[in-house]
Trainee: 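Got a structure for you, written out below as structure tokens; questions coming shortly.
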Amino acid sequence: MWHHPRTGSRPDVSEASRYQPQAIESRWQQAWEEAGLNATPEAEGADTFYALSMFPYPSGNLHMGHVRNYVITDVVARVQRMRGKQVLHPMGWDAFGLPAENAAIERGVDPGAWTDRNIASMREQLKQLGLSIDWDREVATCHSDYYRWTQWLFLQFLDAGLAYQKDATVNWDPVDQTVLANEQVDSEGRSWRSGALVEKRKLRQWFLKITAYADQLLDDLPKLEGWPERVRTMQANWIGRSTGAELTFDVVDAEGAATGERITVFTTRPDTIYGASYVVLAPEHPLVGTLTAESEGIHVEAFCDLVSRQSEQERTAEDKPKRGVPIGAQVRNPANGELIPLWIADYVLAEYGTGAVMGVPAHDQRDFLFARQYELPVKQVIIPEGSDEHAFEGGAWTEAGVLIHSGPFDGMASTEAKAAITAAAEDQGWGKGRVQFRLRDWLISRQRYWGCPIPVIHCDSCGVVPVPNDQLPVQLPRDVAFSAKGGSPLAQLESWVQVDCPCCGKPARRETDTMDTFMCSSWYFLRYSDPKNTELPFTPKAVNRWLPVNQYVGGIEHAILHLLYSRFFTKVLRDRGLLGFDEPFSRLLTQGMVQGITYKNPKTGKYIAPGDVADPTDPRDPITGDVLDTFYEKMSKSKYNGVDPAVVIDNYGADTARMFILFKAPPEKDLEWDDADVEGQFRFLQRIWRLVDGALHRGLCLAGAPVAIDTANLTPAEKELRRAVHTAITEISDDLDGEYQFNTAVSELMKLSNAMGDHLESSGEAVATEALRTLLILLAPFAPHLAEELWLKLGGRSEADPLAGGSVHRQSWPMADATALVRDTIPLVIQIKGKVRGNLEVPADADKATLQKLALESDVAAKWLEGKAPSRVIVVPGKLVNLVP
RNA sequence: GGGGGCAUGGCGAAAUCGGUAGACGCAGCGGACUUAAAAUCCGCAGGCCGCAAGGCUGUGGGGGUUCAAGUCCCCCUGCCCCUACCA
């Protein structure tokens, strides 16, 4: 991968003046840690800023996506500190989960020890990046001093009536041998973790009643102005609120007499009820058995059997024709009294709404297709405004319109008829308005060992009994037997399961399900505010002081899962009086992927490692000689396109890696890893090193108070340099406010460095030291080690200084001097009818009339206007004059 | 089908309010230094025509508004992401 390793191959020109990141980075990391530079300040009342990255799963290996995430957050945290904010910038571990348990099954290692080893190794890798993290606040969700409070919070939900058990058809992952929440199954019906096709099973499981907060979770989305629009849209779609009505159809016998059974359908279009020509039930609908006529029994049974054998994916594939069978029963349309047949069909889902729909073929595309297939009547009851009734050839009319064939509602606008018909149904007792959500309750049970035990006890006499607070945590037992056969190891450990009921004292049994790990990650950002509290998960004072998180940074893959659950937790805990805010994350940045260069043989479909490609300008398969496809894709082992952060740090240092990642692309866009660009970034840091080296040889020094600048007597070079310095301050400050634009901020550092290359030597001490001081301070958040090292070399602090005070990272963010930006003359653009035709150097403070006069007198005007007076002149002071002939 | 986003040199990208398109960097080319190479430094560089001065053209395509459009409006095309029989 690394064709040109820097280390060792460079000639030893001058040992003292070479930039060797390997020599300085670990030294500073250690010095900062000893000096407590990154400790969270605790002064009362001061301005706070909470910068947070999504915490990682401790797989043991840091990858580039992590690096990008944490570097972005680190720059934000460092800049806020330099701006005088008290900053909380913590890190922790999302440490429960299946990889640890699988390691236990495959290699017999203890999941806890395995996880702790991984944490230790990842922590070391993270520290090599020079992140300004307060490691004193580290949390790991698998440690009992943390999960004790996850359990405590679960009991809060239980107490609030928001945690409950029910029998439900749930998603079963046959590979991971556990159930999954709806959010954790993708659109193809596969597990988010294992990728296995999930199966449906009926099991008794624990749920959290997130649906009770569906309205709030939806209605508060517009408040999240600091969130990307698309994340808010995804959450809104996921919650999926539909406003409509439940309408009840009486089942009637062959003579038209009510049998007493009723079918309730959910519809968003009660205005179309007069067009209902049949009613369809899901094959799993509980009334299918009782309502099916004997004559249809065989067909119905066969059909239900067929449907149940189909996977969710097969059943919901849109290109499949909709299939169904009549069940030999009929219902009465409550609006017009018509008798219409009852069907079952595969396109009706048992889990949504009431599991039954009314078929209105004229105004619903699915019903239309179904009706055409089975020759069911299509009855139009809504016509487009201003049009006549006409036949529907192509499809259903699903837009708004005017009602026809709808009894007393004829002529009414369909938008009004929704409410009118719902009201009539309520009056007459055959329906009521209803809001339906797509969002289901959150299934949190997992039949696995390495998770947080659900702290309840099942007693034959007392029912479900919460484990009393003084008996928390319910510790995960360590002496369990793992096997690949599945089933929870906890359920097989009788010594752990058997317990006395805390209520009545009789023998009882522990709950053996553990919690979904998303439970653990739904509140870790709260714990960082008070990570060592042994009495509570956090005090209201601590949590309200630091939260909501000012800037949250993480991947888009959590747009629904983690971010929705965390919002739910926050709202529940607010209602329990545990915290005083509605939303946990004020601003959210979803960083783009890190992609690696990928080679693929289009003939064989095989991926080729970049190391096996001899000539990147003409990539060929080393075996077959075929020309390879070259593209960028998310780094992954199977595509051989990954770049190991450790290798980059070894070769170039963390500062180069940080700078490259920030410079190469805007943070929310995908980033194409490119070795040549990494080289370029290293060269830039080298140039800064040499720049400072030159200044040292000249005897420049930053010790003591800055030398006063005599602004009235600056040479042209000094004026240029000062303008560059203060432009950089202005631009970089802007880039770090509002929308983060680290890429252009780094560009500005480069421009400043270029200007210093041109003018530093010819500038006097006062201006030169101002430039050096500013460059290092502006550089500090991006390349913290290099900035600190050069700050030391230039005497910005002495060796004797207590580090915390003298560090470049403790300097205030500089203020731009507006007078340094002022120019005497500016180039004025001369346009003729909007086209640029030339430039004119004019006094910067010239007024409009002067500019117009100068422009009209210019050679450009003479050439293009040919002596004629322009019909119109537009003057934009400071920019241009446009002459329109 | 629904929703969201994107489209700018060979490449990554930049361009607060409509006001010099391509900053900054990568790759490339030319030069200096060197016995030579690397490194470093200086310079060139959207495309077309031209010796040059200069001109024409150019932000996916087409139209529009405007003195002036990458930016605003309408239509179209292509790509990416999410979601999907949700009644």
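Residue numbers start from 1 in every chain, and the chains themselves are labelled A, B, ... in the order their sequence lines are given, proteins ahead of strands.
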Trainee: Scan A:Glu748 against the nucleic acid and name what it touches under 4.0 Å (heavy atoms): base, sugar-phosphate only, or nothing.
Mentor: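 Nothing, no nucleic acid heavy atom in range.
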Trainee: Sticking with atom P, work out how far B:G47 lies from B:G58, rounded to a whole angstrom.
Mentor: 16 Å
Trainee: Could you please name the option among B:G12, B:A14, B:U40 that lies closest to any side-chain atom of A:Pro666?
Mentor: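 Shortest atom-to-atom distance from the side chain points to B:A14.
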Trainee: Tell me which nucleotide among B:G3, B:C26, B:A15 gets nearest to the side chain of A:Asn237.
Mentor: B:G3
Trainee: Any base atoms under 4.0 Å from A:Arg687, or only sugar-phosphate, or nothing? Heavy atoms, all strands.
Mentor: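 Sugar-phosphate contact only.
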Trainee: May I ask you to decide if A:Gly592's main-chain N or O and A:Arg68's side chain share a donor-acceptor pair within less than 3.5 Å?
Mentor: yes
Trainee: Give a yes/no on whether any side-chain N or O of A:Gln235 is located under 4.0 angstrom from OP1 or OP2 of B:C82.
Mentor: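 Checking A:Gln235 against B:C82: no side-chain N or O falls below 4.0 Å of OP1 or OP2.
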Trainee: Does the side chain of A:Arg837 get closer than 4.0 angstrom to OP1 or OP2 of B:G54 through an N or O atom?
Mentor: no
Trainee: Among B:G19, B:A87, B:C26, which nucleotide sits nearest the side chain of A:Val348?
Mentor: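 For A:Val348, the side-chain atoms sit closest to B:A87.
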Trainee: Identify, between A:Ile874 and A:Thr233, the residue whose nearest nucleotide on RNA chain B lies closer to the 5' end.
Mentor: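 This one resolves to A:Thr233.
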Trainee: Taking only N and O in the side chain of A:Arg230, is any of them less than 4.0 Å away from OP1 or OP2 of B:C82?
Mentor: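 Negative; the distance criterion is not met.
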Trainee: Any Lys/Arg nitrogen of A:Asp346 or A:Lys322 sitting under 4.0 Å from an Asp/Glu carboxylate oxygen of the other?
Mentor: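 No salt bridge links A:Asp346 with A:Lys322.
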Trainee: Among the candidates B:C85, B:G19, B:C82, find the nucleotide nearest to the side-chain atoms of A:Met234.
Mentor: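 Within the option list, the nearest is B:C82.
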Trainee: When you compare B:C80 with B:A21, how far apart are their C1' atoms, in angstrom units rounded to a whole number?
Mentor: 25 Å
Trainee: At 4.0 Å (heavy atoms only), tell me whether A:Arg232 reaches a base, stays on the sugar-phosphate, or touches nothing.
Mentor: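 Here A:Arg232 touches no strand at all.
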Trainee: May I ask you to check if A:Arg438 and A:Trp238 form a cation-pi contact, with NZ or CZ under 6.0 angstrom from the six-membered ring centre and within 45° of the axis?
Mentor: yes
Trainee: I want to know whether A:Tyr374 and A:Trp343 have ring centres closer than 6.0 Å.
Mentor: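 Ring centroids of A:Tyr374 and A:Trp343 are less than 6.0 Å from each other.
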Trainee: Ignoring hydrogens and geometry beyond distance, is a side-chain donor-acceptor pair present between A:Asp367 and A:Tyr347 at under 3.5 Å?
Mentor: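 Present: a donor and an acceptor within the cut-off.
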Trainee: Using a 4.0 Å cut-off on heavy atoms, which residues in residues 727-734 of chain A reach RNA chain B? List them by number, or say none.
Mentor: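 Residues of residues 727-734 of chain A that come under 4.0 Å of RNA chain B are, in numerical order, A:Asp734.
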Trainee: With a cut-off of less than 4.0 Å, is there a side-chain N or O of A:Arg683 near OP1 or OP2 of B:A27?
Mentor: yes
Trainee: Could you measure between the two P atoms, the one in B:G46 and the one in B:C41, and give it in whole Å?
Mentor: 22 Å
Trainee: Is it the case that the side chain of A:Asp655 and the backbone of A:Pro21 share a donor-acceptor pair, with hydrogens and angles ignored and the cut-off at 3.5 Å?
Mentor: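 A pair under 3.5 Å: no.
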Trainee: With under 30° as parallel and over 60° as perpendicular, where do the rings of A:Tyr652 and A:Phe682 fit, or are they tilted in between?
Mentor: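 A:Tyr652 vs A:Phe682 ring planes: perpendicular.
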Trainee: Looking at A:Ser753 and A:Leu749, would you say the former's side chain and the latter's main chain have a donor-acceptor pair under 3.5 Å?
Mentor: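 No.
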Trainee: Given B:C24, B:G19, B:C67, identify the nucleotide with an atom nearest to the side chain of A:Met750.
Mentor: B:C24
Trainee: A:Ala676 side chain: which of B:C24, B:A87, B:A27 is closest?
Mentor: B:A27
Trainee: Rounding to the closest angstrom, what is the interatomic distance between B:C81 and B:C76 at atom P?
Mentor: 23 Å
Trainee: Base, sugar-phosphate alone, or nothing: which one does A:Gly240 contact when heavy atoms must sit under 4.0 Å apart?
Mentor: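 Nothing, no nucleic acid heavy atom in range.
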Trainee: Between A:Ser242 and A:Gln436, does any side-chain donor sit less than 3.5 Å from a side-chain acceptor?
Mentor: no
Trainee: What is the distance, to the nearest angstrom, from the CZ atom on A:Arg872 to the C1' atom on B:C67?
Mentor: 5 Å
Trainee: Given that both pair distances must be under 3.5 Å and the pair must be Watson-Crick or G-U, what runs of three or more consecutive pairs involve RNA chain B?
Mentor: B:1-7 with B:77-83, B:10-12 with B:24-26, B:28-32 with B:40-44, B:46-49 with B:54-57, B:60-64 with B:72-76
Trainee: Is the distance between the ring centroids of A:Phe663 and A:Phe742 under 6.0 Å?
Mentor: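 For A:Phe742 and A:Phe663, the ring centres are not under 6.0 Å apart.
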Trainee: Strictly below 4.0 Å: does A:Arg438 bring a side-chain N or O up to OP1 or OP2 of B:A84?
Mentor: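 The answer is yes; a side-chain N or O of A:Arg438 sits under 4.0 Å from OP1 or OP2.
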Trainee: Tell me whether the OP1 or OP2 atom of B:A87 has a side-chain N or O from A:Ser242 closer than 4.0 Å.
Mentor: yes
Trainee: So, OP1 or OP2 of B:A14: does either fall under 4.0 Å of a side-chain N or O from A:Asn743?
Mentor: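 Indeed, a polar side-chain atom of A:Asn743 lies that close.
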Trainee: If you look at every strand shown and take non-hydrogen atoms under 4.0 Å, does A:Val884 touch a base, only sugar-phosphate, or nothing?
Mentor: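 It contacts sugar-phosphate atoms only.
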Trainee: Taking the side chain from A:Asn641 and the backbone from A:Ser636, do they hold a donor-acceptor pair closer than 3.5 Å?
Mentor: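 Pair found, side chain donor or acceptor close to backbone of A:Ser636.
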Trainee: Among the candidates B:A87, B:G12, B:U57, find the nucleotide nearest to the side-chain atoms of A:Phe663.
Mentor: B:G12
Trainee: Give me syn or anti for B:C17, where syn covers glycosidic angles within 90 degrees of 0.
Mentor: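 Syn conformation here, the glycosidic angle of B:C17 being no more than 90° from 0.
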Trainee: Using atom C1' of each nucleotide, how far apart are B:G22 and B:G12 to the nearest Å?
Mentor: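 Here B:G22 and B:G12 have their C1' atoms 13 Å from each other.
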Trainee: For B:A13, does OP1 or OP2 lie under 4.0 Å from any side-chain N or O of A:Lys669?
Mentor: yes
Trainee: If you find the nucleotide of RNA chain B closest to A:Asn882 and the one closest to A:Arg440, which residue's nucleotide is nearer the 5' end?
Mentor: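 Its nucleotide being nearer the 5' end, the pick is A:Asn882.
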Trainee: Does a side-chain N or O of A:Lys664 approach OP1 or OP2 of B:C24 to a distance below 4.0 Å, or not?
Mentor: no
Trainee: Suppose you measure atom C1' in B:C24 against the same atom in B:A15; what distance do you get, rounded to whole Å?
Mentor: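 Per the computed distance, 12 Å lies between those C1' atoms.
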Trainee: Answer yes if the ring centres of A:Trp673 and A:Tyr632 are under 6.0 angstrom apart, and no otherwise.
Mentor: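 No, they do not, as the ring centres are separated by 6.0 Å or more.
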Trainee: By nearest atom, which of the nucleotides B:C86, B:A21, B:C24 is closest to the A:Val836 side chain?
Mentor: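 Closest of the options to the side chain of A:Val836: B:A21.
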Trainee: Tell me whether B:G9 sits syn or anti, counting syn as a glycosidic angle within 90° of 0.
Mentor: syn
